[in-house]
Amino acid sequence: MPSTSTPPTDTDVVIVGAGPVGLLLAGDLRTHGVRTTVLERLGAPMTESRASTLHARTMTVLEERGIRERLGELPDGGPGHFGGIRLDLTAADPGHRYAGQWKCPQTRLEAVLQERALELGARLRRGLRVVSLTDRDGHVLVEAVREDGERVRVTGAFVVGCDGGDSTVRRLAGFDFAGRAATREMLRADVAGIDVPARRFERHPDGLAVAHRWPDGSTRVMVHVFGADPKERTGPPAFDEVVTAWAKVTGEDIGHGTARWLNAFDDTSRQATRYRKGRVLLAGDAAHVQMPVGGQALNLGLQDAAELGGRLAERVRSPDRDDLLDGYDLVRRPVGAHTLDNIRAQSLLLLGGPEVEQLRDVFGELLGLAPVRRHLARMISGLGRPRSAAAPHDSPATTATTAPTTTTATTATTDRSSTMGRLTDRTALVTGSSRGIGRATAQRLAREGALVIVHYASDQAAADETVALIERDGGRAFPVRARLGAPGDVHELFLGVEQGLKERTGETRLDILVNNAGATTPAGLAPEDVTPEEFDRLFAVNAKAPFFIVQRALPLLSDGGRIINISSGLTRFASPDQVAYAMTKGAIEQLSLHFARHLAPRGITVNSVAPGITDNGSAVFDIPEAVEQMAQLSAFKRVGKAGDVADVVTFLATDEARWITGSFVDASGGTLLG
Ligand code: NAP
């Protein structure tokens, strides 16, 4: 694809750094036909594996690109931890195909990502150290020096710094890198010829010790001495330092061993105050440095790259779409800030001395609670959402001035991530939720923690009121308009759904779909009087639209997700003046049945809920005699309230209802039981 920038450039995008982040981005850009050149300082790939853990969201990112398969079988990484306290990451979403954590040496991941990027046509130039960067006249000029001293110049429309925590791109482009200097450090070594017991975050009076035997017989030891200040380092620690620290903490002598690899890491926590400056962007550790705990740094970086690729490709094609790049900053920076916060909390729990013992005890108790486990596991797995998409707490990024006006809706949402509900961090689409049963359902799902999409056809004021009611209760929701039954209805609906989700959560994942919107016939319409137009209208809204909504939602629906279709008690007893309407509801029950089987392999349940006569606020419910008459049909001698049905729908949306699928649930208050 020719570059649209002026003047012509050598390439469209220059990526600095051929680590996992840069290589994933390079491959993604190439899938969009963007000319991509990667500059790497090292002459050959690294042989040491710094990180080896992949989380659920990253696994999905890799799968979507066909990379997962290339990696081959990856061993299950077992349970994870939060600050050294055991945390089973499958709690994030037991139905998720990649729930938990997976082991893949960084060297293997890099090799596969490099192979893919090159196959797709990316240009990789190794042994080049970037020394200058100029962003001027509609292009960037990157100058690098080869090992033999020769200077190389590459021009591009954009440059992306994927060159790690010590990023040259970040420094040359003058990004602010705000945050905290290290207060604690951990020493690591792979040592041959020693025999020490395996230890998983073992706390001793003087420090923390970890020991893990590699298949080759050497042992990875990690040690931290409580209260010891981190050292200013220009290289790895001496083996003597490790030996001394290990002896102080464990009382064991490992001095007779042979160190094969030595390393120190600390709890520095810094983040660029923006991820884009003109034509220069940052991704991965170049944008944020954090203590490498639980593999979050690698996963965060890969997810940055996954977000950036499509946006940058589109921007290269469309010069007036700078908003896409601002959107990258807006989506990923809060995620980074939130992750840095959670890592700082973990660093305190992990490396804090005796003064954190009680805190650890309390934390251990909290981790006994399922919603807490789920919340933290989702955060680590990349399945949760940041505390607030606009203003991360106590973060240098809070002063950002780059938020584009197109996404101001993000800032209007209420922060609920600290509130635990059965549906915390889930997203839900409820069609026809401007009023009636749909509104009550939207409110209840939001009360359980879900971010709710309030869909409506025409009554915007009513939809806004549903959103306002939810936000008043501390929930999160946004409205989307689409008239079902009209041409292009489902497409229009999902444009709004995807855009709204992306702005608020950084992704388009949908967990719960409630097909509630329904058209009804006027009361007293004899079967003889039903016209073909009326028949088609009812089927278009009540049967055809739900089918194609489900079909369109499938790629967005998370494994373990929920589909709930609102039917009617009228499929169980005869009411001739409602025959066409009842036929549509019969159709939606078939939809539930057949899709239940189709989606079971993904852990998605599909059920029908059939309300009886339910007060939806329409005029007839203001007439006492009419209400009295209708009430007689229910075993409880009252008409249903919208909340009666909404509670049933909400239950079906929770994990507790995982064993119910393909079911017809009568929620009619025992209508005509006799
Ligand atoms: P309602 O109060 O009449 O509200 C209908 C909702 O659906 C509104 O949000 C409306 O949006 C939306 N809607 C209607 N036609 C639409 C279209 N063509 N495109 C998009 N949205 C449309 O509904 P309800 O009584 O709560 O009923 C909800 C569901 O329960 C329906 O499927 C209904 O068949 C079923 N049901 C209801 C009862 C009952 O007694 N209420 C009994 C059995 C089954 P606007 O506000 O923008 O028009």
Side-chain angles (χ1 to χ4, degrees), residues 1-17 21-22 25-26 28-29 32 34-39 128 130-144 152-178 270-289 301 304-305 307-337 390 396-407:
M1 185 180 61
S3 167
T4 49
S5 59
T6 358
T9 51
D10 302 328
T11 188
D12 291 320
V13 177
V14 182
I15 295 174
V16 181
V21 176
L25 179 63
D28 281 10
L29 288 170
H32 292 279
V34 173
R35 294 179 305 153
T36 305
T37 301
V38 184
L39 307 181
L128 287 176
V130 170
V131 290
S132 93
L133 178 67
T134 320
D135 175 1
R136 209 168 39 218
D137 305 329
H139 73 279
V140 283
L141 166 65
V142 181
E143 286 188 285
V152 174
R153 293 156 61 94
V154 184
T155 56
F158 292 94
V159 61
V160 187
C162 300
D163 49 344
D166 201 20
S167 170
T168 304
V169 171
R170 188 182 68 227
R171 184 171 43 79
L172 292 174
F175 281 88
D176 284 338
F177 202 47
R270 292 187 184 278
Q271 186 182 28
T273 54
R274 48 186 174 147
Y275 283 10
R276 172 189 169 222
K277 209 172 167 193
R279 292 177 172 271
V280 187
L281 294 123
L282 301 176
D285 286 357
H288 40 74
V289 291
D304 286 346
E307 179 69 32
L308 182 55
R311 289 175 177 273
L312 189 49
E314 184 57 33
R315 169 59 186 86
V316 168
R317 272 192 293 269
S318 320
D320 58 345
R321 294 299 310 276
D322 268 355
D323 61 304
L324 290 167
L325 302 184
D326 291 331
Y328 163 67
D329 173 278
L330 197 84
V331 167
R332 291 307 298 171
R333 201 159 39 78
V335 176
T398 43
T399 53
T401 53
T402 52
T405 50
T406 48
T407 45

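In this structure a side-chain-to-backbone donor-acceptor pair under 3.5 Å is present from T11 to R35. Checked by atom type and distance alone, the side chain of D12 never pairs as donor or acceptor with a backbone atom of V34 at under 3.5 Å. A distance-only check finds no donor-acceptor pair linking the side chain of T155 to the backbone of L141 [under 3.5 Å]. With H288 contributing its side chain and G284 its backbone, the two residues share a donor-acceptor pair below 3.5 Å. Within the 3.5 Å criterion, the main-chain N or O of T168 finds a donor-acceptor partner in the side chain of D163. Looking only at distances, no side-chain donor or acceptor of R270 sits under 3.5 Å from a matching main-chain atom of V289. Put simply, the side chain of R170 gets close to the backbone of A286: a donor and an acceptor are under 3.5 Å apart.
The ring-ring contact (aromatic ring centres under 6.0 Å, His included) check on Y328 picks up Y275, with sequence neighbours excluded. Remark: E143 engages R151, R153 in a salt bridge (Lys or Arg N to Asp or Glu O under 4.0 Å) (not counting sequence neighbours). Contacts of D322 classified as salt bridge (Lys or Arg N to Asp or Glu O under 4.0 Å), with partners at least two apart in sequence or in another chain: R276, R315.
Contact of the R311 side chain with the V331 side chain is registered, since non-hydrogen atoms from C-beta on lie closer than 4.5 Å. L308 places a side-chain heavy atom less than 4.5 Å from the side chain of V160. Contact check for V335 versus E307: no side-chain heavy atoms found under the 4.5 Å cut-off. At least one side-chain heavy atom of L29 sits less than 4.5 Å from a side-chain heavy atom of I15.
Taking CG of L133 as the reference point, atom CZ of R171 lies at 10.5 Å (rounded to 0.5 Å).
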